[in-house]
Amino acid sequence: MDLERMRALLVALQEARYAGVRSVSYDGKTITYGSDAELTNAISDLEARIAIAAGTPHRRRRWGTVASKGL
């Protein structure tokens, strides 16, 4: 899949997510995601593929919790 098609699909996925819809139609095919988490994972994966195709590094974000007793 070329870069422009990936970007168009990314826009379609993002619009579906923000509209609260879990079904996306693209190139005559309909994909239904089981949950918002699956749709979010598809968006993240596509963003990473676009970054690789465009030659820009994709940084993964890591979140963690740090706690101390203050000693």
Side-chain angles (χ1 to χ4, degrees):
M1 187 180 301
D2 67 346
L3 189 57
E4 292 308 314
R5 287 183 66 199
M6 285 192 288
R7 286 181 176 154
L9 180 56
L10 178 62
V11 169
L13 289 173
Q14 289 173 331
E15 286 176 354
R17 182 166 186 239
Y18 296 129
V21 179
R22 291 186 313 202
S23 294
V24 178
S25 296
Y26 187 76
D27 282 343
K29 299 176 185 174
T30 301
I31 302 169
T32 302
Y33 294 92
S35 66
D36 184 59
E38 287 182 8
L39 185 54
T40 302
N41 287 339
I43 291 170
S44 295
D45 180 63
L46 193 54
E47 287 173 337
R49 290 173 190 259
I50 290 171
I52 290 168
T56 58
H58 177 72
R59 295 185 337 190
R60 293 188 145 228
R61 295 182 186 160
R62 294 190 132 202
W63 295 90
T65 303
V66 177
S68 70
K69 292 184 177 184
L71 299 176

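Predicted, not measured: the structure shown is a model, and the values here were computed from it.
- N41 is linked by a side-chain hydrogen bond (donor to acceptor under 3.5 Å, both in side chains) to nothing, counting only residues two or more places apart in sequence or in another chain.
- Here the CG-CG distance, from D36 to L39, works out to 6.0 Å after rounding to the nearest 0.5 Å.
- In this view, S23 and T32 satisfy the side-chain hydrogen bond (donor to acceptor under 3.5 Å, both in side chains) rule, not counting sequence neighbours.
- Partners of S25 under the side chain to side chain contact (heavy atoms under 4.5 Å, CB included) rule, at least two apart in sequence or in another chain, are T30.
- For the atom pair CZ of R49 and CG of L9, the computed distance is 10.5 Å after rounding to the nearest 0.5 Å.
- Applying the side chain to side chain contact (heavy atoms under 4.5 Å, CB included) criterion to A53, with sequence neighbours excluded, gives L3, M6.
- Note that the CG atom of L10 and the CD1 atom of I43 stand 6.5 Å from one another [nearest 0.5 Å].
- The stretch residues 6-16 participates, sequence neighbours left out, in these side-chain hydrogen bond (donor to acceptor under 3.5 Å, both in side chains) pairs: E4-R7.
- For R17, the CZ atom is densely surrounded, since the number of other residues' heavy atoms within 6.0 Å is greater than 12.
- The shortest side-chain heavy-atom distance between L13 and Y33 falls under the 4.5 Å cut-off.
- For the salt bridge (charged side-chain N to carboxylate O under 4.0 Å, His left out) test, no residue two or more places apart in sequence or in another chain qualifies with R22.
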